[in-house]
Amino acid sequence: MLRKKSKRYRLEKNKKSFRKMKIDYYRYVKDFYLEDGLAYISCNVRDYYDIIDIYSVEGYEWLNESFARFIETNAEYIPVEYPIVLEICGKEFTEQQKEVIDETIHDYYELKLGDKQIDLQNNTSQIITFLAVGVIATLIMMALQDWKADSFVNEMIVILVWFFIWELCGMIFFDRNDLKEEKMAAAQLASIAVRYKVHFTDTAVSEKEKEQIYESIEEQV
């Protein structure tokens with residue numbers, strides 16, 4: 001019985017400790033990813049097909065799903081204002097393979113960016129549609145009030161108008177903001193800079209390389 005009480009006390013104490021537990025999240029992100037205005041994701045590969053999907057045909061290469069997931073999981077922790085440098089380590093590639101890898105990574109994430117652009121366009125169309133229907137419903141409600149229409153009909157029109165107002169606010173202030181954030185994250189990955197190292201070394205890019213990265217981002221805008 002005493003052991004049960006002691007165990008229960010320890011579990012309750014653990015719960016209190018977990019509630020109070022905090023970490024310096026931004027310090028972790030800074031130490032792990034950020035250096036001198038750039039963010040770094042370093043990965044280790046064994047061969048070409050760790051990056052390029054083994055089912056790809058020549059000229060129509062696709063990114064290996066596990067490799068893409070590794071990049072995206074790390075990128076979630078990186079603030080969107082930081083350009084990303086992807087360091088591919090562990091294997092020496094030919095110039096032709098590097099060219100294919102670079103092109104495949106950028107094509108893959110540019111398509112993802114295109115998906116987010118379409119989502120934003122669809123959101124704009126929905127906002128315009130809901131706004132137009134809301135205006136029409138409001139005009140109908142005002143007309144019915146002038147004609148002293150049945151109170152039940154009036155109430156239904158009022159409910160409909162408030163429904164459109166509520167949905168419209170959600171689309172503009174919540175959905176659209178989320179979509180804009182997702183588009184920025186996709187743009188960050190679409191402009192990723194790729195470096196190759198046979199052996200990983202914890203060194204930052206040179207000032208010249210950094211300027212080239214910033215210039216390439218500006219060219220894509």
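Quick note: numbers below take in every heavy atom, side chains included, and nothing from hydrogens, waters or symmetry partners.
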Colleague: Please check if any side-chain donor atom of Y49 sits under 3.5 Å from a side-chain acceptor atom of N64, or the reverse.
Modeller: no

Colleague: Ring pair (Phe, Tyr, Trp, His ring centres under 6.0 Å) with Y82: which residues, sequence neighbours excluded?
Modeller: none

Colleague: Is it true that, when you exclude E211 itself, more than 12 heavy atoms of the residues, nucleotides or ligands shown sit nearer than 6.0 Å to its CD?
Modeller: yes

Colleague: Going by atom types only, do E72 and Y109 share a side-chain donor-acceptor pair under 3.5 Å?
Modeller: yes

Colleague: Can you confirm whether R27 is buried at CZ, in the sense that more than 12 heavy atoms of other residues, nucleotides or ligands lie under 6.0 Å from that atom?
Modeller: yes

Colleague: Would you say F200 has more than 12 foreign heavy atoms packed within less than 6.0 Å of its CZ?
Modeller: yes

Colleague: Of all residues at least two apart in sequence or in a different chain, which pass the side chain to side chain contact (heavy atoms under 4.5 Å, CB included) check with A185?
Modeller: V80

Colleague: Does a side chain donor of either E61 or T104 reach within less than 3.5 Å of an acceptor in the other side chain?
Modeller: no

Colleague: Under 6.0 Å from the NZ atom of K98, do we count more than 12 heavy atoms belonging to anything else shown?
Modeller: yes

Colleague: Who passes salt bridge (Lys or Arg N to Asp or Glu O under 4.0 Å) against K22, sequence neighbours left out?
Modeller: none

Colleague: Decide if atom CD of E81 counts as having more than 12 heavy atoms of other residues, nucleotides or ligands within a radius under 6.0 Å.
Modeller: yes

Colleague: Would you call E207 and K210 a salt bridge, using N to O less than 4.0 angstrom?
Modeller: yes

Colleague: Is it the case that the side chains of D102 and Y196 hold a donor-acceptor pair, with the cut-off being a distance below 3.5 Å and no angle test?
Modeller: yes

Colleague: Is it the case that atom OH in Y25 sees more than 12 heavy atoms from other parts of the structure closer than 6.0 Å?
Modeller: yes

